[in-house]
Undergrad: 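Got a structure for you, written out below as structure tokens; questions coming shortly.
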Amino acid sequence: MEIDFAKIEKEWQDRWEKAKTFNVNENSKKEKYYILEMFPYPSASGLHMGHALNYTIGDVMARFKRMSGFEVLYPMGFDSLGLPAENAAIKVGEHPKPFTEKAIENYTRQMKELGISYDWTKTLATMHSEYYKWNQYFFLKFLKAGLIYRKKAPVNWCPSCNTVISNEQAQGGICERCDSKIEIRHLEEWYLRTTKYADELLKGLEGLDWPDKIKAMQRNWIGKSHGVEIDFEVNNDTWSIFTTRPDTIFGVTFMVVSAQHENLMDLVTDEQKKEVEKFLKSVGSVSEKEIAELEKKGVFTGSYAINPANGKKIPVYAGNFVVADYGSGMIMAVPAHDQRDFEFAKKYGIEIRQVISGKLTKTRAWIGEGELINSCASGDAAREGHFDGLENVEAKKKIGNWLIKKKLGRNVVNYKLRDWGFSRQRYWGTPIPIIHCEKCGLVPVPEKDLPVVLPENVKFGKGNPLTTNEKWIKVKCPKCGGAGKRETETMDTFFDSSWYFLRYVDNKNNKKPFDKNKIKKWLPVDQYIGGAEHACMHLIYARFFTKALRDLKFLDFDEPFKALFNQGMLHGPDGEKMSKSKGNIVNPDEVSKKYGMDSARYFLLSLAAPDKPRDWSEKGIKGSLRFVKKIFSIFENVMFGKSSDDFVSKLNSMVKDVTEFYKSFQYRKATIKLKELFDLLIKQKEVSKEDLGISLKLLSPICPHIAEELWEKLGNKDFISVSEWPKINKLKVENKGKGTDLNLKIIEDVKYVLGKVENGNVVYLYVMPFELGKVDVGKIGKAVGKKVEIFAVNDSGKFDPEGKAKKAKPGKAGIYLG
RNA sequence: GAGGGAAUGCCGGAGUGGUCAAACGGGAUAGGUUUAGGACCUAUUGGCUUAUGCCUACGGGGGUUCGAAUCCUCCUUCCCUCACCA
């Protein structure tokens, strides 16, 4: 049988579109359900099968919820600004704008062909000034609220992208976008005060229905740690350093200040100046190497610090392994009990002073627990400063308190999370609405002048293209009317994606970023779906925005995404991550032509649980195609009539299971059940139209086109996609399995054993404790003509010489003849 | 170093206290159909053996329980994320 899937699919896609089947009804009385997939950056190469998997996972949920009686908001848009588009466009010699528009068009077409049930009236693209105008609007609001500030800071500079990039995007010293090595430069940049919400971002995780892994990653990223800030005296100045290990303070034998520390030179003596400068140069070159392989290096600054615990004079080094902007950029080094300090001390011949009992070796510091030794402050009459003999865990507190009491320290909380530097020296982004005026300094563009539209006429090549349009740059200062210059930096695209989910609900509003009532109705997002790679960037920024906008009275909820689901990655047929360079990309257009999208959807979901990775295989999809064809053949050959009781009972239990599976993203199990269901259906002599309809409904979230086609063949006039989800008929489910009676089974078994064993006048039965009441001893005794005694299997006083109780199973008794 | 996850048959993977030699699929083998291929259908796919039977098996050891793939504990291996954060 040849089935023209392409034709069927196209037909139903057209009919859905014409009937606006999936457009959300904003006035609906039904309970709302907002489901969202992370919007893609529209690349020129179009969708691949991995996208198809991602969107299918969301689509199945959207369709299931729709049929289950929810008013579903399921929009899609495009994260269309950003470096990749700019670079790709430059590469082919095109302007990013038409280039990206084309890509969006192509994506939209492909998404429609996948059969995804988006409401396209809600779409948006961040490249349109109607959208990024509100980026600028929020920028001004944040600026006013003190959430945005400027700071000169060492930044990650990517020489290839010609821009500053965030720590998150520069992990491992490699540019995330282009894999180039990062340089350190000191520039004045725009920062968003994400750290203001560090604690709330951490606490808010608790109530979220997110994968534990993602929550753990965020917790890690925020990196809250409790410790003590201790004052060290260096050259009559006070340097406060952060430590989580005050218990080791008596073991501090040197200090290390970060090579990037802004006040480093204050510490350097004239004699050491040359050495330090030489060292700093070498750090610059070394930092280009893979960070993980960096050797701990340092140089003596010439200065000494005083250890506040014992008054000892200890040298201060500058080191390449100390993070400049964590804590205070200087550390106390305890070589005996920290491996890094240990290696450093060995290298430069610094004293290693053990203060916790334990085994130090030639190559390893002792990092375990132990009793304190050598930890007494001298000349302390009250012996308050004597800590020898204490367990170090206890000593942490005691020494901390001692230092605090002596006003040499204080308890502090530290976060790894940094403020987010979000300005970029690139063209294809939202212009930062600031005007530089010689007289007035930095002047925000007045709200009424928004949007600051990104000029199209620029030259690409070296540096920031925006600097090449003089006409655009030259403006009057809004404050004094004098000559001003526009800010030529643009916003990181993560700014765009930090609030797009709010815009969908009111995407055409040109007065406000969104209407408060609409937000109230639809937000927060009930189910968010996307890859785990966004755990520490997009997902933190979006949460930050939500909290910031809440405090600015734009929103009245705390968390944007109630539930999050991470889909597994689709690998190529070779088991490798799909990528153009490996040539293992599977193109949905071709798959659709060859097998039909419904087969592909079914196949993708049947491969593995949706959160697990899976490999594409040509063989595998053929199996799914067989299944889909089988469904058609059933509907060609079936006899309409009355379903058998057995089938009805099984169908009902399947409705129950499949419903559960859809609810909880267990799509793979749903595909298994569906296979069982249709295998069962093919064996039926006669089935009612109603039951066939129910079967199709169960199938329709995964194979929507086929379900519609066959639903119509059954004589239905409406769309199955928005029909009511089948209800379970409980009576009929429980009908199942009624036939086997425990007593009859026991009688049968006893008779069998009697036939094998000669001796024995008493039948001893052993059953599950919960079955004890169900067994009719009299009836069994009568049937087998013996005396019967019964025990629960866990009865310790039972008579069971041969351990036959072990044979018992639910529904089956253990038998001993004695 | 910190955190997260996993280990089941030839393979992908169900199974989270009993009805499990383990769903479903793939692969393999045999048979049917077919001019052949493909497709489709049927059966088999741990071992002994043919018994309403036994043994072996869910990474390894130990434990809880009448009973463990499932719970606890230790170990091993693998994957992922973060990581010079003091």
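In what follows, chains are A, B, ... by sequence order, proteins preceding strands, each numbered from 1. Nothing here was measured: the structure is a model prediction, and the numbers come from that model.
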Undergrad: Could you check D679(A) against V322(A) and say which one's nearest nucleotide on RNA chain B is further toward the 5' end?
TA: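 Counting from the 5' end, the first nearest nucleotide belongs to D679(A).
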Undergrad: Between N566(A) and D611(A), is there a side-chain donor-acceptor contact under 3.5 Å, judged purely by atom types and distance?
TA: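 No pair is found: no donor N or O on one side chain lies under 3.5 Å from an acceptor on the other.
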Undergrad: Ignoring hydrogens and geometry beyond distance, is a side-chain donor-acceptor pair present between D231(A) and T238(A) at under 3.5 Å?
TA: no
Undergrad: Do S225(A) and N414(A) get their side chains close enough for a donor-acceptor pair, meaning under 3.5 Å?
TA: no
Undergrad: Round to the nearest Å and state the distance from D615(A) atom CG to C79(B) atom C1'.
TA: 14 Å
Undergrad: With the side chain of M217(A) defined as its heavy atoms from C-beta on, choose the nearest nucleotide among A83(B), A86(B), U81(B).
TA: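 So the nucleotide nearest the side chain must be U81(B).
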Undergrad: Give a yes/no answer on whether the side chain of Y326(A) brings an N or O atom under 4.0 Å of OP1 or OP2 in A86(B).
TA: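 Indeed, a polar side-chain atom of Y326(A) lies that close.
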Undergrad: Find the distance L607(A):CG to G12(B):C1' and express it as a whole number of Å.
TA: 8 Å
Undergrad: Salt bridge check: are D679(A) and K630(A) linked by an N-O gap of less than 4.0 Å?
TA: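 Salt bridge: yes.
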Undergrad: Over how many whole Å does the gap from Y667(A) atom OH to G13(B) atom P extend?
TA: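 Computing the Y667(A):OH to G13(B):P distance gives 19 Å.
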Undergrad: Within this structure, what is the NZ-to-P distance between K416(A) and G1(B), rounded to whole angstrom?
TA: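 In whole Å, G1(B) P lies 15 Å from K416(A) NZ.
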Undergrad: Specify the separation, in whole Å, of atom CD of E343(A) and atom P of G1(B).
TA: 13 Å
Undergrad: Between atom CD1 in I621(A) and atom C1' in G12(B), what is the gap in whole Å?
TA: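 To the nearest whole Å, that distance equals 16 Å.
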Undergrad: Can you tell me the distance, in whole Å, between the CG atom of L605(A) and the C1' atom of G25(B)?
TA: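 About 14 Å, once rounded to whole Å.
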Undergrad: Hey, which sits more toward the 5' end of RNA chain B by its nearest nucleotide, S606(A) or D338(A)?
TA: S606(A)
Undergrad: If you round to the nearest 0.5 Å, how far is CE of M38(A) from CG of L564(A)?
TA: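 Going from CG on L564(A) over to CE on M38(A), the span is 5.5 Å.
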Undergrad: Go through C84(B), A14(B), G4(B) for me and flag the one nearest to the D212(A) side chain.
TA: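 Side chain of D212(A) sits closest to G4(B).
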Undergrad: Quickly work out the K213(A) NZ to G4(B) P distance and round it to whole Å.
TA: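 So the NZ-P distance, K213(A) to G4(B), works out to 12 Å.
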Undergrad: Using a cut-off of strictly less than 4.0 Å, decide whether T671(A) has a side-chain nitrogen or oxygen near OP1 or OP2 of C24(B).
TA: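 For T671(A), the contact criterion (side-chain N or O under 4.0 Å from OP1 or OP2 of C24(B)) is not met.
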Undergrad: Look at all strands and tell whether K612(A) reaches a base, only sugar-phosphate, or nothing, counting heavy atoms closer than 4.0 Å.
TA: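 Sugar-phosphate, backbone atoms only, no base.
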Undergrad: If you compare every side-chain N and O of K396(A) against the phosphate oxygens of A86(B) (OP1, OP2), does one of them come in below 4.0 Å?
TA: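 False: K396(A) side-chain N/O out of range (4.0 Å or more) of A86(B) OP1/OP2.
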